[in-house]
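Working notes for the structure below.
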Amino acid sequence: MRQLSVACVVGARPNFIKIGPILSELRSRPRFTASLIHTGQHYSPEMSASIFEDLGLPAPDLNLEVGGGSITTQTAEIMLRIERVFLERRPDLLLVVGDVNSTLAAALVAVRHRIPVAHVEAGLRSFDRTMPEEINRIVTDSLSDYLFASERAGIRNLLAEGVPEAKIFFTGNVMIDTLLGSRRRAACSDVVERLGLASRGYIVATLHRPSNVDSPETLAPLIGVLRQASRRMPVVFPAHPRTRQRMEAAGIRQDGLLLVPPLGYLDFLRLMDQARLMLTDSGGIQEETTILGVPCLTLRENTERPVTIEQGTNRLVGTDPATIGAAIEETLARDLPASNTPELWDGRAAARIADVLERVMA
Ligand code: UDP
């Protein structure tokens, strides 16, 4: 039987977290050869330093080292470099995850060269086209041959957009595969003690969406809410380089906050696991807190991950400081919620994806 070569293209932190289980699943099956291609989209050393080690990811087979730049420059540069790789290697399948620029850029080139595309985490929609990620999701899904959904809303959205049912597979959430597979190692992290915190005695905040951090008029009041919350209990703020840069440029006060650089995956998982409350605009964190049973207030008007609200611990609170402040008080006054497992968020998503690929590519 001929082996199938799968090129897995990743470019940013959430991608690495999702690709690990898929790569090891594909590599454990004789039917596949799988290569890991890093576009280098995330160039900040502090954000990529420990990620391979933390996740037990093998070194990438190739690093295209595209670096930063505007969305347009980055997308164009990834396309140029990935095209050379595809022409040289002619993979049987491109596999991409999530919604970053690398995902879209690789899919566009693959389609040009008639390389079938598999998209993991397909169908998620915030219905907010001002989000760059939403455009990446819509275009990637429309180009893909095999669409792997992490929750049922993804299937509904794809069907509503006219994607044939035969292309859609409900396989579950690979980010949760990684979480469940890492929880034991994360329990060895001393991050809580290192930061001088007590279990369930602190809040963790992350902000990086352009709509929240790009303009000081939006960012300053959000940081103000975090500073206000820090009077109740410590607020740890692992600041994305983009957010820190914006805060410093606009002279936004950060006193009261425990500002730390972005944390390695295992430290961050431990920090979330022991937190009393998460405040975030991240997509992945809404999902992870659902499994961990930690309350999550999402500082956005919408979410592409509705199951985290319907079944999980997530609540959308928007960006109005008074509303967020009231939601923080309410949440802290209540007991911790029970953790819940949405359908197929069971640590077996990557195995289901590999099963489907073995079948459909036979
Ligand atoms: N994360 C991390 N270190 C941090 C903050 C987040 O490892 O300091 C992890 C988090 O657990 C989640 C992922 O990064 O798995 C989410 O990444 P991000 O918020 O950048 O992207 P999004 O999920 O919004 O696409």
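Being a predicted model, the structure only gives us computed values, none of them experimental. In listed order, ligands and their atoms are each counted from 1.
- Counting heavy atoms under 4.0 Å from ligand 1, residue E133 does not touch it at all.
- For the side-chain contact (heavy atoms from CB on, under 4.5 Å) with D273, the qualifying choice from I291, L292, L179 is L292, the only one to do so.
- Between D99 and ligand 1, a contact under 3.5 Å exists for no N or O pair.
- For a threshold of 3.5 Å applied to N or O pairs, the pair formed by R209 and ligand 1 contains at least one separation below that value.
- The backbone N or O of D54 sits less than 3.5 Å from a side-chain atom of R185, completing a donor-acceptor pair.
- In this structure, M272 counts as a contact residue of ligand 1, since one of its heavy atoms falls inside 4.0 Å of the ligand.
- The distance criterion of under 3.5 Å between nitrogen or oxygen atoms is not met by I285 with respect to ligand 1.
- Judged by distance alone, the side chains of N314 and T298 do bring a donor and an acceptor atom under 3.5 Å apart.
- Taking each of E304, R13, H240 in turn, the one with a heavy atom nearest to atom 18 (P) of ligand 1 proves to be R13.
- Defined by atom type and a distance below 3.5 Å, a donor-acceptor pair is missing between the side-chain atoms of Q311 and N340.
- The side chain of P238, and not its backbone, has at least one atom closer than 4.0 Å to an atom of ligand 1 (non-hydrogen atoms only; side chain from C-beta on).
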E329 vs R232, salt bridge (Lys or Arg N to Asp or Glu O under 4.0 Å): CA-CA, chis, key distance, verdict = CA-CA 9 Å; E329 287 305 322; R232 290 282 263 113; 3.0 Å; yes

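- Listed by number with element, the atoms of ligand 1 under 4.0 Å from a non-hydrogen atom of G283 are 22 (P), 23 (O), 24 (O).
- Environment of CZ in R348: sparse, with no more than 12 heavy atoms of neighbouring residues, nucleotides or ligands closer than 6.0 Å.
- Below 3.5 Å of separation, one finds an N or O of L263 facing an N or O of ligand 1.
- When each of Q286, E151, E287, E310 is tested with R305 by the rule side-chain hydrogen bond (donor to acceptor under 3.5 Å, both in side chains), just one qualifies, namely E287.
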